[in-house]
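What follows is a short report on a single structure.
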Amino acid sequence: MAIRDILTPFTAWKKVFREPVTVKDPLNDRPGAERYRGFHKNDLTACIGCGSCEAICENEAIDLVPVEGIETKSGDSGLRPLVDYGRCCWCALCVDVCTTGSLNLTNEYTWVTEDPEDFRFIPGAENKPWDKLEAGWKKPEPNYEFYSLKREAMEELHPGDRDKSFIEIVKGYSKEQAEAEADRCVECGICIATCPANMGIPEYIKAVRNDDIEEGFKILYETNPLPEICGRICTHKCETVCSVGHRGEPLSIRWLKRYIADQVESSEYKRILGTDGIENNGKKVAVIGSGPAGLSAAHYLSLMGYKITIYEQYAHAGGMMRYGIPEYRLPYDQIDKDVNYILSLGVDIHYNTQIGKDISLADLKEKYDAVFAGTGLHLGRSTRIPGTEHENVYQAIDLLNKITDGKEIHVAEKIVVIGGGNVAMDITRSLTRLQNQKYGKVQMIATALESEKSLPADVEEVVEAREEMAIVNPGWGPKSIEIKDGKITGLHVVKCLSIFDEEGRFNPQFDENNTNFFEADMIVESIGQGMDISYISGDIKDSLKFDPRGRVTVNEYFQSDAPWLFIGGDIIQGPDVIHGIANGHKAAYGIDNFLNQNK
Amino acid sequence: MKEQKNIFNWQPDRSKYPKVKENGELDIDLTSEKFIKLWQGPNHPGVTGNMAIELTVSGDEVVHAKTHVGYLHRGFEKLMERRLWIQCFPTCIRMCVAEPDYNEYLLAKSAEELSGIEVPEMAEWLRTLVLEMARLQSLLRTVPGQAGTLSLGVGVQWGVYLRDLVLDLFEELTGGRVYHMYILPGGVRGLLPDGFKKRMEDVLKKIEEFIVNIENLMFKNIVFKKRTIGVGYIDPAWVDQFGIVGPNARAAGFKRDVRKDYPYLKYNELDFDVTYETDSDIFARSVVRKKELILTLDLIRQIMAKMPEKGDFKAQTPNVLHWKIPAGETYVRSESSRGEYGFYTVSDGSTMPRRINLRGPSYTHAVSLLEKMLINANLADVHSIMVSLQTCPPEIER
Ligand code: SF4
Ligand code: SF4
Ligand code: SF4
């Protein structure tokens, strides 16, 4: 040790002359960095109240609460996150998980108030000074996700393998695919409210994830006794609101439902669902029609102990599901799987029996304690343009019906289908298959009033129809069918500019100068179906009320003004399978209530 | 032990008291007025958290020391058993306030190892960078902090200022100053902001200047030398007995460093030697830490030069809201500024960890080793010895 060890430390003194490094007014001079994790802000119009932020917060700093001016609606819980800064640790996991990207943190970090209760607020709803700040933490980009935004792709038959046959196109998920798809769900439950049957979607998806098929199967049957069917052809409204769909592809909810149902053998149904030996309560209910509504009512009433008898006008059960939907979308054995289980609960069914013809509604009233009618929409509607009376102008629904029954139908070389809904696509695609079988080529045009963007049919139906070589040419209004020498030569159309008027009424506008002609020797109309409720007549009819569209007025339990008569399905609501199922389920409770009151 | 040639009358054997009884216990009779009990802490001025040492002194010599922890127990390890894996990420960091990033890294690494997830190259580089930045800001406190325990506060102030500059960089990169929450299972939470490398270099230059100043202030300072050379000696024989790691082991001549011995992240692509000293006293440990500081500057520059500009920085993990990590166990480790810092992690295959056990260097250094080192120490050196072990009570208790 030397004298230098005494002197050297004093070199520190030279720092005395340096500029001070302290920030004088840190609150104003020192904004947080661009990525700073400060106070929350939330875009309340983009947020859907899915609660993922609440679920991930390890400090339980977030509560979802109602906010004035924000309504609960389909796809939006109406709630918004409230943040408690007594708990928050500014981790920003809530931001990174946010399904809509509405939630961010700002770079503001000072907030002075006398009341500690203040440090609890609803970002976006309380006009905080930092609401407008741009800087602050946002979910990192790119390729930074807490759950995959991409769907597990569904394997399908290639167009070349399916355009001549009615084999089912969609192959269904494997275990790995289903579990990976189920993993994407954030369990928010937003979809439940949009599903007409309010199915326990996140719960059964969770069961898939946990590979607990039996649990998932039980959850399906709580609200939906036709899972094989719905798992294939449900209109999946739930998927349109799925939270994950806001920034990515929504969950394949429908395919996951199908996956569960596909895993369970028919012989296992009763064991899993615990439905062996249901006790009969001695009361009898008749169900008219074995479509989704009727089957659903029959199923839930059977579980309650009622003796059910179904009257079905056709030779097989299923209604529109069998007679309207082609086999390549919904194979008949899958319909049978669902239906046979319901019948196995002790449900009797009389086929080829039409109410109003073979037996009257009044007779049913006498024989049964209550009646549920779900007779569906089986009458095709016509455009009534000149030429529709020609014998080679058909109703889609009649043709589909015959195809199901295996009856020979007329298949021309050139066909035009009028209509843009799913039924139109069903007949288009069925006829392309038959054309292909018969002529080895397809000459098929499907045209509709609606423009490409607003076609009511599912997008994949249109895409697949085109893959099968049908031409889908929307945006035209049918004008007349040209007939030469007693033979149809084609369809004259005019450009359709708009369909609805300002008040939202059906009032199509055309550009008469923009016309087109689609060659054809056969025309199929598929512009919607009507109901035939002529079996409701006489005194019974007089005791009911009808709405302007001719539908019977019913209460929330689908009970008509004739208290023993419940009506549901497409003739009341929808039209689609899942509404029918929901109606039948609700009506079952209504019937149970009604019959117990009368005890 | 090194010979002391100094102005104080320092006796190698200061243990006149107490006598040892036949049964091996110390013969301490507090009524004899030869001994008194003193408590250092739990609010100890020289450490970063609460921990107490119960001292029995005779005159100004410590004859017996007992360490007491328990003032800072927050139960984070237990809490994590009730948190989703992703939720452990903001929780685990609090186990060590001084260098939270090692916790983030080890949690992420455990989860990735157990579930077989590959982390993108870019993320590996950024993780290496952040861990070295964590070491940097920690050493900026602890190197001058040693002099601070001897009332030389000015170096501490310099260090705190520079540490703040490093925290500014952390803030830019991660959005947080102290708890960065940047390394998460699957990768990291962002690339370097624009101009970051330049700003980093500016700060590194300032730190280089600081190292020169601190050299003059501390290491060429007679008071500091007198108070540290030969004080707080760790016998190399204790290193394995007590599980001594990091700079404390390296100052005793052990070239042990997890970065070299069990390379992780990008360390095997970096060029460096393990720093060490042999005197094994407070001074030697300070020198090792100063050398570490210089090494860290070098490593950060190497990382900045070698890392790619762009690239994916996070792998797609299963949905974090119900991510089940396959059952299994793993021990992952890293070299913190205090030495080997490891997580022993057990998963039972559920969405939450079954057990996460932190192997922290402070536990061995400050609880058992310290009791031994304090015997016969001068009372005035107690906190200096404690700080020289770089004790971090939050990490002891977690
Ligand atoms: S995660 Fe996002 S969208 Fe969902 S409730 Fe929270 S802020 Fe709203
Ligand atoms: S920042 Fe973290 S602690 Fe704060 S509310 Fe969001 S998730 Fe919870
Ligand atoms: S399916 Fe979509 S909407 Fe439904 S719970 Fe899962 S993430 Fe939410």
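Each chain gets a letter, A, B and so on, in the order the sequences are listed, and its residues count up from 1.
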Answer with side chain, backbone, both or neither: which region of A:E187 has an atom nearer than 4.5 Å to a non-hydrogen atom of chain B? side chain
Taking the side chain as every heavy atom from C-beta outward, state whether B:M122 and B:K310 have any atom pair closer than 4.5 Å. no
Strictly under 6.0 Å, is that where the ring centroids of A:W90 and A:Y85 end up? yes
Checking heavy atoms, do the side chain of A:K15, its backbone, both or neither come under 4.5 Å from chain B? side chain
Counting only heavy atoms closer than 4.5 Å, note whether A:D96 contacts chain B via side chain, backbone, both or neither. side chain
Using heavy-atom distances under 4.5 Å, tell me whether B:R82 contacts chain A through its side chain, its backbone, both, or neither. neither
Please classify the contact of A:R4 with chain B as side chain, backbone, both or neither, using a heavy-atom distance under 4.5 Å. both
For chain B, which of A:R209, A:K14, A:E34 has the most heavy-atom pairs under 4.5 Å? A:R209
Pick one of side chain, backbone, both or neither for B:R83, based on which atoms fall under 4.5 Å of a heavy atom in chain A. side chain
Taking the ring of B:F210 and the ring of B:Y161, is the distance between their centroids below 6.0 Å? no
Among side-chain atoms of B:R189 and A:Y144, is any donor-acceptor pair under 3.5 angstrom? yes
Centres of the A:W137 and A:Y36 rings: under 6.0 Å? no
Distance alone, cut at 3.5 Å: any donor-acceptor contact between the side chains of B:H322 and A:Y147? no
Option in A:T11, A:L7, A:T8 with maximal non-hydrogen atom pairs under 4.5 Å from chain B: A:T8
Will you find, in the side chains of B:K324 and A:N210, an N or O donor that is under 3.5 Å from an N or O acceptor? yes
Under 4.5 Å from a heavy atom of chain B, the part of A:A92 involved: both
